[in-house]
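As the structure lists them, so they are numbered: ligands from 1, and atoms in each ligand from 1.
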Amino acid sequence: MRKPLLLFRIIFTAIFVLIAQAQPQSPMSRAESTSPLRNDAAGAASAKEPAFDGTTWWNYVKILAADNMEGRETGSPGLRKAQEYVVEQLKRAGLEPVGSRSYYQMVRFESRQIVEKESSLALMHNGQVEPLTLGDDAIFSTRVDLAPAVNAPLVFAGYGLTVPELGHNDLEGLDLRDKVAVIFPGAPSEIPGALASHYQSAGERWKALQKAGAVGVITILNPAAMDIPWSRISANRAHPSMALKGAEFDETAGEELAVTFNPEKAQKLFEGSGHSLQELIDLVKDRKPLPHFPLIPTIRARASVNKKTVESANLVAELPGSDPKLKNEYVVLSAHLDHLGVGEPINGDRIYNGAMDNASGSAVLLDLIASLRKSPGKLKRSLLFVFVTGEEKGLLGSRYFTTHPTVKPGSMIANINIDMFLPIVPLKVLTVYGLAESDLGDWARDAAQSLGVQVQADPEPQRNAFIRSDQYNFIRHGVPALAMGVGFEKGSAEQEIFKNWRTQRYHAPSDDLDQPVNTAAAGKYEEIIHRLMVRAADGPARPQWKTNSFFRRYAPMASGLY
Ligand SMILES: [Zn+2]
């Protein structure tokens, strides 16, 4: 396998066609058989291969992101309606149900909603009260199980990051016992992206802070890396958040206070400390190391939270493989079907349709499923299609599924996750999250390059995209995984388009069907996903973590002896 791959990368594509044809048993020959060059060369033989042009994809998006799906909030009638539609498609394609109830895997959540009129935040200066305005200065995060009352000193802990592998510890020498840590999200640039992302996950970060004695966290948003302007974050602060039911899932036990601070109002935290907010924001913007120091005011928090139990479901369907042995291995394609539901109106629109986030990814799965129905190939391994719930609530559906899989534990050998891949510009560059971590990265590169698309690692590691979607839960269970999105070159006009999209449409009602979409880019993206999927399902070897990948440690057989 290696040699043709290398040749393919280096030598002109046409030469590869000759090599591939000379080795018909090579798994690449099937994977590549839909390339335009191959179509010309192979003619009718490839006519029954699926061709994606984005048209059928967009038809699915139109259904899933329509107003009558009401934004597909976890546990809502709108999401159930979208799920019913998906189940219909799974049945039509003849996929086997592998949920706990038919295609459904039920998941239970605790929904939490802050009751602001019974809650308050204040800074205390030597007994003097400086009330904070909820929504304007700061907001509570109900992702954690807030304590009703917290009175605690504050310590500025920089990025609040502990990376044992690199001997990096922002908490070293800091007295955090019974105190609240004030931090910026992010990491200094010398910490590699994947590692920085991992240790910034809520669970890992809290593990280190709790060990140091902290009782809570105040996060000041980094103005240079805010996807959503503060006004929009604040507008939806009363929207319920959710947590998985069950102590096994509580990664932030003991976190009594979680507050997100408006960077424009955060100077008041630093009065008298000898440091200014601006000085720190300048460092954070350039991803430079941050100082650590105690703060003068203490925090007084009173939190009242409405809690209730919510049920929702993941959908799980299987296309069995053809090889008597390899069919026991699953290549998992996942996408979250849930979104934010109905929220605060923006320009008179209350429905957060989530067309890109993530009707677009669910539609790729449906389109792949339909193409498999039309031209059922004989893939050796089985395919598992998982439409997860609760992604927007903190990757909860995928967390539940990977913790309690409905297929044999250890049988999932790869995960390709599709979330908000943003076909809003032509697909010339593909961003691959997890590019350097496993063989899947190499295979994604091959698939993309076979269509003339270049690949790049995450150009904005400070956004933590690698841990911000469902692939992360597969990674944590040892499954090599990746996610991909339409990318841009730094400094290009496209970069501006993406930036504007994030500011205006990301998690806003205008991520709807009335936005410019590049269906050709979506079709090409689907084609790459299809080739990667075929390669993973049909190749002789399952993908492996790279020997130097940090995430290899989660693999049950990290020795490589399968
Ligand atoms: Zn989202």
Exercise for the section: Could you tell me whether His198 and Tyr554 have their ring centroids closer than 6.0 angstrom? Expected result: yes
Problem - Under-4.0 Å salt bridge between Glu84 and Arg80 - result: no
Practice task
Decide, counting backbone as well as side-chain atoms, whether Glu392 has an N, O or S atom less than 2.8 Å from the Zn ion (ligand 1).
Solution key: yes
Exercise for the section: Count the heavy atoms of every other residue, nucleotide or ligand shown that sit under 6.0 Å from CD of Gln515, and state whether that count exceeds 12. Expected result: yes
Handout entry: His339 near the Zn ion (ligand 1) via N/O/S, less than 2.8 Å
Key = no
Fill in the blank from the handout: The atom of Asp357 among N, O or S that is nearest the Zn ion (ligand 1) is OD2
Handout entry: Phe249 ring center near Tyr400 ring center (under 6.0 Å)
Key = yes
